[in-house]
Amino acid sequence: MSSLLFDEPGPRARRRIRIATVVGAVAVLGLLALAVRQFAANGQLDADRWQPYATWPMWRYLLNGLWSTALAAVVSAALSMAAGLALALGRLSRRRWVRVPAATYVEVVRTVPALLLVYVVLFALPRYGLDLPLFWKLVVPLSVSNAAAFAEIFRAGIGSIERGQSEAGLAVGLTYGRTMRLIVLPQAARRVLPSIVSQSVGLLKDTSLGFVVSYAELLYSGKVLATYNGLLIQTYIVVALTYLVVNASLSKLARVLEARTPQARRPRRRLIRA
């Protein structure tokens with residue numbers, strides 16, 4: 001699947017990537033050490049400033065924000081995947097009047113930042129009498145933006161299925177639609193599952209744009225909490241660590257799923273036979 005989306009790096013490219021990774025890691029560690037030193041010098045690491053985060057009411061408030069984040073992400077992902085699948089089938093259609101609008105949508109929306117779409121829903125639509133609730137002011141632009149990305153993922157997955165699969169379906173008398181639904185799409189869905197999870201991680205991070213529309217997701221809840229208790233640095237560190245744990249868990253899930261795909265297992269079988 002990955003070879004369909006980008007070229008595999010060669011030996012020199014992998015060496016450069018490893019060097020850049022080491023240099024980047026050293027730079028990040030240096031910045032972290034400098035930040036910890038400055039925090040300690042200004043009393044930000046004192047125990048009394050972190051004690052509130054050992055209490056349940058504080059975590060209950062943040063978990064409510066995390067739940068709102070998860071709800072917005074799940075609804076946006078469901079809408080994006082449905083629209084993305086329709087767009088992918090549209091781009092693969094033999095009818096020009098279906099293929100061209102679908103391709104135009106994908107190519108145009110992929111170049112538009114999600115933040116700009118949020119501003120359109122937040123400021124432009126109310127002028128025309130369409131003032132959505134806060135939840136939908138976040139979900140609609142995220143769905144519009146991510147539908148284009150999911151469309152390309154599904155299109156790559158469908159394109160990776162061997163032509164003989166669909167030809168076999170047509171040969172036994174199935175229609176084009178039933179061949180896609182019963183034979184091609186189930187196989188394509190299994191192949192693109194890791195990419196879908198990876199894209200969902202990005203979508204989860206994009207829910208932080210709820211900060212702009214005042215939707216009570218995790219980042220906005222952190223802002224309200226910091227305003228209330230005056231612990232700005234401590235609050236945003238806790239929020240950042242929460243995002244880190246959730247996104248790292250989803251990224252780990254994507255790697256596990258990718259390792260279990262037939263494409264990932266095939267080279268290993270060849271090595272065992274050799």
Geometric cation-pi criterion, R94 with Y176: 6.0 Å, 45° | yes
Just how far is it from atom CG of L32 to atom CZ of F39, taken to the nearest 0.5 Å?
-> 9.5 Å
What's the shortest heavy-atom distance between V121 and P126, and which atoms?
-> O-CD, 3.4 Å
If you look at every heavy atom in G90 and A102, which pair is closest and at what distance?
-> C-CB, 3.8 Å
Would you say the side chain of T242 lies within less than 4.5 Å of the side chain of L62, judging by non-hydrogen atoms?
-> no
Verify side-chain contact (heavy atoms from CB on, under 4.5 Å) between W50 and V238, making sure each step is shown before the conclusion.
-> CA-CA 10 Å; W50 291 93; V238 170; 4.1 Å; yes
Distance-minimising heavy-atom pair for Y215 and S68 | OH-O, 3.0 Å
Taking the side chain as C-beta and beyond, is there a heavy-atom pair between I161 and R191 under 4.5 Å?
-> yes
Are Y236 and V224 in one and the same hydrophobic cluster, where Ile, Leu, Val, Met, Phe, Trp and Tyr link if side-chain heavy atoms are under 4.5 Å apart?
-> yes
Give a yes or no answer on whether the side chain of Y119 reaches the backbone of V212 with a donor-acceptor pair at less than 3.5 Å.
-> no
Sub-4.5 Å side-chain heavy-atom contact between N229 and Y53 | yes
Determine, using the 4.5 Å side-chain heavy-atom cutoff (strictly less than), whether V201 and L203 are members of one ILVMFWY cluster.
-> no
Do you know which two heavy atoms are closest between G169 and T179, and how far apart they sit?
-> C-OG1, 3.8 Å
R91 side chain to R155 backbone, donor-acceptor under 3.5 Å = no
Spacing of CG belonging to L85 relative to CD1 belonging to I153, to within rounding of 0.5 Å = 12.0 Å
What distance separates L138 CG from L117 CG, expressed to the nearest 0.5 Å?
-> 11.5 Å
Step through the shown structure and confirm whether more than 12 heavy atoms of other residues, nucleotides or ligands are within 6.0 Å of OH on Y61.
-> yes
Would Y220 and T207 count as a side-chain contact (heavy atoms from CB on, under 4.5 Å) if you check the C-alpha gap in whole Å, the side-chain angles of each, and the deciding distance to 0.1 Å?
-> CA-CA 10 Å; Y220 185 81; T207 57; over 6 Å; no
At what distance, to the nearest 0.5 angstrom, does CD1 of I19 lie from CZ of R16?
-> 9.0 Å
Determine whether N146 and D206 make a side-chain contact, defined as any pair of heavy atoms from C-beta on separated by less than 4.5 Å.
-> yes
Should L71 and L66 be counted in the same cluster of Ile, Leu, Val, Met, Phe, Trp and Tyr side chains packed under 4.5 Å apart?
-> no
Does the T235 side chain pair with the main chain of L231, one donor and one acceptor, at a distance under 3.5 Å?
-> yes
Any donor and acceptor pair, going by atom type alone, linking the side chain of Q187 with main-chain N or O of I183 inside 3.5 Å?
-> yes
What are the two closest heavy atoms between A216 and S221, and how far apart are they?
-> O-OG, 3.6 Å
Write down the atom of S200, the atom of M81, and the distance for their closest heavy-atom approach.
-> OG-CE, 3.9 Å
Do any N or O atoms from the side chain of S76 and from the backbone of A73 form a donor-acceptor pair under 3.5 angstrom?
-> no
Does I196 belong to the same Ile/Leu/Val/Met/Phe/Trp/Tyr cluster as M180, with side-chain heavy atoms less than 4.5 Å apart forming each link?
-> yes
CZ of R49 to CG of L232: how many Å apart, nearest 0.5 Å?
-> 9.5 Å
side-chain contact (heavy atoms from CB on, under 4.5 Å) between S143 and W136, worked out | CA-CA 10 Å; S143 301; W136 294 105; over 6 Å; no
Kindly indicate whether the side chain of T69, heavy atoms from C-beta on, has any atom under 4.5 Å from the side chain of V246.
-> no
Has R181 got more than 12 heavy atoms of other residues, nucleotides or ligands less than 6.0 Å from its CZ?
-> yes
Examine distances only and state if a side-chain atom of Q44 and a backbone atom of Q234 form a donor-acceptor pair shorter than 3.5 Å.
-> no
Hydrophobic cluster membership, V74 vs F135, 4.5 Å side-chain cutoff = no
Full working for side-chain contact (heavy atoms from CB on, under 4.5 Å) between L87 and F150 = CA-CA 9 Å; L87 288 167; F150 279 116; over 6 Å; no
Under 3.5 Å, side chain of T55 to main-chain N/O of Q51, donor-acceptor pair present?
-> no
